[in-house]
Asker: 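Please see the structure below; I have some questions.
Basis for what follows: all heavy atoms, side chains included, without hydrogens, waters or symmetry-related copies. Ligands are counted one by one from 1 in listed order, and the atoms in each one are counted from 1 as well.
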Amino acid sequence: MRVLVVGSGAREHALCWRLKLSPNVTDIWVAAGNSGTARIADNVPVSPEDVDGLANLASQLKADLVVVGPEQPLVDGLVDRLAGMAIPAFGPSTSSAQLEASKSFARQVMADAGVPGPDYRVFHDSAAALEFVENHSSPLVIKADGLAAGKGVALCSGPEEAALAVKGCMGDRIFGTAGDTIVVEEWLQGTEVSVFAFCDGERLSAPVAACDYKQVGDGDQGPNTGGMGSFAPPPFWNSYLSEQICRTILEPTVARMAEIGCPYRGMLYAGLMLTSNGPKVLEFNCRFGDPETQVILPLLESDPVEVMQACISGNLAQTPVQWGNRAHVGVVMVSGGYPGAYETGKEITGLEAPCQSTDMARLDADHLIFHAGAAQVTDESGVTRTLTSGGRVLTVVGRGQSIDEARVAAYRKVEQIHFKDARYRLDIGDLSSGSRSGL
Ligand code: AMP
Ligand code: GLY
């Protein structure tokens with residue numbers, strides 16, 4: 001099979017790596033890819049946001065399967081477009097991707113389906129929103145309704161902060177049209193977990209869980225980022241919790257989406273808070289998570305191509321999905337300054353890893369390295385080097401019998417990798433601090 005993967009991050013490197021291990025796959029192209037995907041697939045310089053360009057590329061390549069990493073092309077209708085060209089594509093249609101693209105739509109689906117979440121209100125008008133938050137003393141979360149590159153959520157401990165967030169969204173329009181509608185939510189407390197299940201429009205696979213770290217600094221300090229690390233499976237994850245989440249959250253959501261004519265096909269990603277009143281939904285995403293994918297795809301024991309095809313054709317019932325339970329910890333190495341301004345073009349050394357070489361069969365290696373903001377550059381004398389090209393540079397994944405063992409393996413490799421001004425958190429997978437150890 002000829003597969004086209006859309007995206008340029010470590011998530012997409014992990015997707016390429018896992019797809020390449022499938023006996024069903026002969027060729028993989030990536031739009032646009034990075035230095036990691038370049039070693040195991042063919043990078044094509046088409047932007048992951050260029051829906052026309054991607055549709056043309058898939059057609060030219062005679063792709064048998066297109067796997068979409070990021071949310072933007074899903075929301076912009078890439079899968080609908082490919083379906084119209086009879087090219088199978090893994091991911092939801094535009095209408096189903098609203099589950100991520102509109103937080104008010106997602107909350108309405110959940111309310112109609114009886115899915116537990118925070119108390120919330122939707123506002124289209126800033127005066128009404130301000131009046132509400134100014135008269136509300138408990139902590140609130142203010143969310144831009146639309147896509148805001150992960151920056152549209154403000155956690156506000158009091159009315160002044162909440163009012164500032166409302167003004168930023170609806171007055172200054174810092175997120176553009178994405179903030180013209182806002183969702184104001186109760187601030188939930190508990191342990192956060194990301195839960196992923198394949199979905200064929202009607203049925204869900206067994207779910208898999210991971211925890212991620214959004215803030216730039218140790219101890220969850222500093223500004224939010226696109227993710228500084230992750231681990232899977234969480235030690236608190238068990239069959240009781242998994243069944244409870246399927247029954248109260250995933251199944252009713254998928255049933256409601258089908259009922260309203262938006263059957264959900266693809267990877268369903270539920271961001272949950274495990275509260276003292278049970279699991280509640282923080283958000284839904286319509287894709288694989290980043291950096292969670294880098295720690296969950298190595299757990300996928302089933303053939304990814306068969307599973308994705310089953311999602312597309314509605315045959316998940318005949319295609320059981322198996323997840324392993326070996327511990328994985330992923331540390332994200334970033335450029336100094338990220339998530340603010342940073343420099344690029346720094347040479348990266350110490351990268352050799354099994355998922356980059358042709359030695360693809362070494363599934364048992366104790367670490368994996370997935371590239372993101374990194375590019376291969378060949379100089380005039382023919383020497384190829386890997387240089388940083390973005391803020392999020394690599395995800396270094398350690399593996400072991402326990403999260404502790406995996407964490408040691410991850411940091412052992414991280415310490416062998418160098419580029420100028422490299423930064424990373426030191427507490428990824430450290431469960432002693434308690435916040436990710438479960439209730
Ligand atoms: P989102 O983009 O909706 O995932 O929000 C980003 C982060 O904000 C989440 O991962 C949570 O850490 C936090 N968050 C979002 N909604 C809530 C909420 N209602 N209560 C507490 N934390 C929240
Ligand atoms: N891990 C957060 C995200 O993928 O949105």
Asker: Taking the side chain as everything from C-beta on, heavy atoms only, tell me whether Phe236 gets closer than 4.5 Å to Leu431.
Answerer: no
Asker: For Leu188, take its heavy atoms, then give the atoms of ligand 1 lying under 4.0 Å from any of them.
Answerer: 18 (C), 20 (N), 21 (C)
Asker: Can you name the atoms of ligand 1, numbered from 1 with element, that are less than 4.0 Å from a heavy atom of Lys214?
Answerer: 10 (O)
Asker: Just say parallel, tilted or perpendicular for the rings of Phe90 and Phe288, cut-offs at 30° and 60°.
Answerer: tilted
Asker: Would you mind listing which atoms of ligand 1 come within a distance below 4.0 Å of any non-hydrogen atom of Glu186?
Answerer: 18 (C), 19 (N), 20 (N)
Asker: Taking the minimum heavy-atom distance to atom 18 (C) of ligand 1, which of Leu282, Val153, Leu272 ranks first?
Answerer: Leu282
Asker: State the atoms of ligand 2, each with its element, that fall below the 4.0 Å cut-off from a heavy-atom position in Asp212.
Answerer: 1 (N), 2 (C)
Asker: Does Thr181 use its side chain to pair, donor to acceptor, with the backbone of His124 at less than 3.5 Å?
Answerer: no
Asker: If you have a sec, work out which protein heavy atom is nearest atom 5 (O) of ligand 2 and how many Å separate them, to one decimal?
Answerer: Arg287 NH2, 2.8 Å
Asker: Taking only heavy atoms of Lys143 into account, list the atoms of ligand 1 that are under 4.0 Å away from them.
Answerer: 3 (O), 15 (C), 16 (N)
Asker: Can you list the ligand 1 atoms lying under 4.0 Å from a non-hydrogen atom of Lys103?
Answerer: 2 (O), 3 (O)
Asker: Does the residue Tyr269 have a heavy-atom contact with ligand 2, meaning some pair of atoms that are separated by less than 4.0 Å?
Answerer: yes
Asker: Suppose I only count heavy atoms of Trp187 and a 4.0 Å limit; which atoms of ligand 1 are within that range?
Answerer: 20 (N), 21 (C)
Asker: Which protein heavy atom lies closest to atom 9 (C) of ligand 1, and at what distance to 0.1 Å?
Answerer: Glu192 OE2, 3.5 Å
Asker: For Ala128, does its backbone N or O pair with a side-chain atom of Asp125 as donor and acceptor, under 3.5 Å?
Answerer: yes
Asker: Which is it for Asp76 and Arg81 under the salt bridge (charged side-chain N to carboxylate O under 4.0 Å, His left out) test, yes or no, and what are the steps along the way?
Answerer: CA-CA 9 Å; Asp76 292 343; Arg81 182 74 169 274; over 6 Å; no
Asker: Are side-chain heavy atoms of Asp404 and Val408 found at a separation under 4.5 Å?
Answerer: no
Asker: Using a plain distance cutoff, I'd like to know if Glu292 has any nitrogen or oxygen under 3.5 Å from a nitrogen or oxygen of ligand 2.
Answerer: yes
Asker: Side chain or backbone of Leu155 under 4.0 Å from ligand 1, or both, or neither, by non-hydrogen atoms?
Answerer: side chain
